[in-house]
2 protein chains.
Amino acid sequence: MDMRFDMAQNAAFPTPARICGSQCCNACVVRDRAICADLTEGDRGALSRLGRRVTLQAGQTVMWEGDDSMVVANVIEGTLKLATSTGDGREQIVGVVYASDFIGRPFGARTPHSVTALTDARLCLFPRGCFDGFAMRHGELQHRLLQRTLDDLDRTRAWMLLLGRKSAREKVATFLLDMSRRLKADGDGVIALPLSRQQIADVLGITIETVSRQMTEMKRDGIIDLVGRRGVRLINIAALETLSETV
Amino acid sequence: MDMRFDMAQNAAFPTPARICGSQCCNACVVRDRAICADLTEGDRGALSRLGRRVTLQAGQTVMWEGDDSMVVANVIEGTLKLATSTGDGREQIVGVVYASDFIGRPFGARTPHSVTALTDARLCLFPRGCFDGFAMRHGELQHRLLQRTLDDLDRTRAWMLLLGRKSAREKVATFLLDMSRRLKADGDGVIALPLSRQQIADVLGITIETVSRQMTEMKRDGIIDLVGRRGVRLINIAALETLSETV
DNA sequence: CGCCGATTTGATATACATCAACCGCAGTGG
DNA sequence: CCACTGCGGTTGATGTATATCAAATCGGCG
């Protein structure tokens with residue numbers, strides 16, 4: 001695993017103040033977006049004591065497909081991918097997760113996909129057994145987790161339409177729009193993609209060459225602009241929406 | 001909507017005894033597999049009173065993609081499909097649900113996909129608002145729903161690998177194995193598929209012709225046998241597993 | 001400035017889609 | 001009872017989007 005990342009992915013969270021050490025939720029940047037948001041301060045502290053903060057480097061894998069489900073985590077900072085693959089090495093990225101998202105498989109024996117950091121990342125990691133137990137005693141937490149899982153399922157099913165029925169052009173257009181909704185553009189309207197071309201291909205179920213060709217073609221057509229390896233500026237969003245085609 | 005079904009899909013549930021009328025859970029065939037399984041008898045009765053039993057004919061649609069989420073339901077009997085489509089009519093089936101499964105979008109404003117009966121079916125239908133309220137007061141129910149949603153998500157993500165990275169041959173092999181796991185074969189080892197060729201194509205993200213060709217080819221190779229329009233016998237399961245390719 | 005992996009570009013192959021008959025079974029009606 | 005009809009399914013001929021293979025180019029880093 002030797003990925004290199006040329007852009008400052010984590011600029012949004014410039015080393016958050018660790019006022020009360022790494023164990024404290026009060027200073028947590030995702031506190032009110034993560035699943036622990038609805039817990040009382042006391043309960044949140046109790047949950048916090050079950051887990052620990054860990055740092056990941058880009059390219060590191062936290063969980064492997066098919067492994068026993070040993071841990072779950074909140075993403076505090078960074079971007080990670082969820083992936084499955086066939087026996088002969090073809091990979092499909094089944095999800096991309098961002099700060100405040102939840103990862104891992106609670107209430108289940110196996111992790112059904114690998115989880116790998118795309119950028120440097122920080123997690124709030126819990127042993128699964130402890131987390132499950134805590135969740136069973138805290139309805140608010142389970143409710144939040146349910147909400148999030150239902151949303152994930154909706155988004156995943158929408159992506160099935162893309163994988164099964166859209167052309168390469170439509171796939172790339174949909175991908176770019178999706179990214180523009182999740183990521184903030186800089187002053188010049190340039191979005192820094194957290195994914196390499198190969199990873200984009202693995203998200204869309206096409207090859208790297210096809211991704212590249214579609215993007216340069218869109219650039220030729222004046223719909224987008226490519227800046228450096230990881231940057232895109234969406235020039236004609238309406239055109240992208242027409243291309244992405246889902247009503 | 002004029003689908004016709006030549007095989008007795010529902011033979012497994014020969015007009016269940018309605019001992020205490022259609023409103024009673026005690027005689028419910030899915031009582032201990034559905035999400036209400038962990039409720040006390042009293043709570044189950046209370047939930048039951050919020051909803052009503054409805055009968056669907058094959059081809060009828062209960063919910064439409066993008067509509068306000070008004071109802072949710074347990075499937076008592078029958079098979080239904082969940083589908084989304086592009087503006088120009090390409091369809092992707094994002095899920096197939098069976099007896100004891102749960103359908104609809106609780107805790108959310110919109111139904112993200114249509115739900116249509118593939119066979120005649122019976123549902124235990126709840127207004128969403130009432131259901132949500134009841135669920136909020138009953139942790140066991142939410143826990144069951146969470147479990148089920150997590151399982152759905154796992155299965156859906158596994159299907160993404162199929163849609164994005166598998167060949168037509170692999171797709172059909174995977175589909176047949178999946179069916180053989182969910183459906184019981186009759187005495188001769190023949191499985192009655194609940195889906196037409198077009199619907200199989202819409203599940204796998206390929207065309208009807210490709211489905212047909214792959215199946216007749218597998219038949220030529222002695223891997224499966226086709227009996228009538230809806231019947232398949234899996235002769236060489238090992239070969240199918242090799243073909244389906246996921247490790 | 002030069003190097004190395006990431007990306008783009010080009011040439012070619014191919015799996016699958018598309019278009020078009022055709023077949024066969026299940027109703028239907030004479 | 002049998003021809004007729006309609007629809008789901010199969011089969012064939014052909015087209016094309018995308019994969020594959022190969023090489024050139026770029027961009028960031030030492």
Restricting to nitrogen or oxygen on both sides, can you table the protein-nucleotides 21-24 of chain C pairs closer than 3.5 Å?
from	atom 1	to	atom 2	distance (Å)
C:dG24	N2	B:Arg229	NH2	2.7

Mind checking what makes salt bridge (charged side-chain N to carboxylate O under 4.0 Å, His left out) contact with [X], not counting sequence neighbours?
X: B:Arg213; value: none
X: B:Arg105; value: A:Asp151, A:Asp154
X: A:Asp67; value: none
X: A:Arg169; value: A:Glu217, A:Asp221

Measure from [atom1] on [X] to [atom2] on [N] and round the result to the nearest Å.
X: A:Leu193; N: C:dT7; atom1: CG; atom2: P; value: 10 Å
X: A:Lys166; N: C:dA17; atom1: NZ; atom2: P; value: 18 Å
X: B:Arg165; N: D:dT20; atom1: CZ; atom2: C1'; value: 13 Å
X: B:Glu170; N: D:dA19; atom1: CD; atom2: C1'; value: 14 Å
X: A:Gln198; N: D:dA19; atom1: CD; atom2: P; value: 11 Å
X: B:Arg230; N: D:dG8; atom1: CZ; atom2: P; value: 10 Å
X: A:Lys219; N: C:dT7; atom1: NZ; atom2: P; value: 14 Å
X: A:Asp202; N: C:dT7; atom1: CG; atom2: P; value: 12 Å

Test ring-ring contact (aromatic ring centres under 6.0 Å, His included) applied to B:Phe102 - qualifying residues, sequence neighbours left out: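 Checked B:Phe102 against ring-ring contact (aromatic ring centres under 6.0 Å, His included); matches are B:Phe131.
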
Side chain to side chain contact (heavy atoms under 4.5 Å, CB included) against B:Ala173, all qualifying residues, sequence neighbours excluded: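 Here the qualifying residues are B:Met218, B:Leu240, B:Leu243, B:Ser244.
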
Residues in side chain to side chain contact (heavy atoms under 4.5 Å, CB included) contact with B:Thr210, at least two apart in sequence or another chain: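 Partners of B:Thr210 under the side chain to side chain contact (heavy atoms under 4.5 Å, CB included) test: B:Ala168, B:Ile206, B:Thr207, B:Gln214.
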
Positions of residues 204-217 of chain B (non-hydrogen atom under 4.0 Å from DNA chain D), listed by number: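 Close to the strand are B:Glu209, B:Ser212, B:Arg213, B:Thr216.
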
Any side-chain donor near an acceptor of the partner, B:Thr174 and B:Lys166, under 3.5 Å: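 The criterion, which ignores hydrogens and geometry beyond distance, is satisfied for B:Lys166 and B:Thr174.
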
Nearest-0.5 Å distance, CG of residue B:Asp101 to CG of residue B:Leu80: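 Here the interatomic distance stands at 9.0 Å.
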
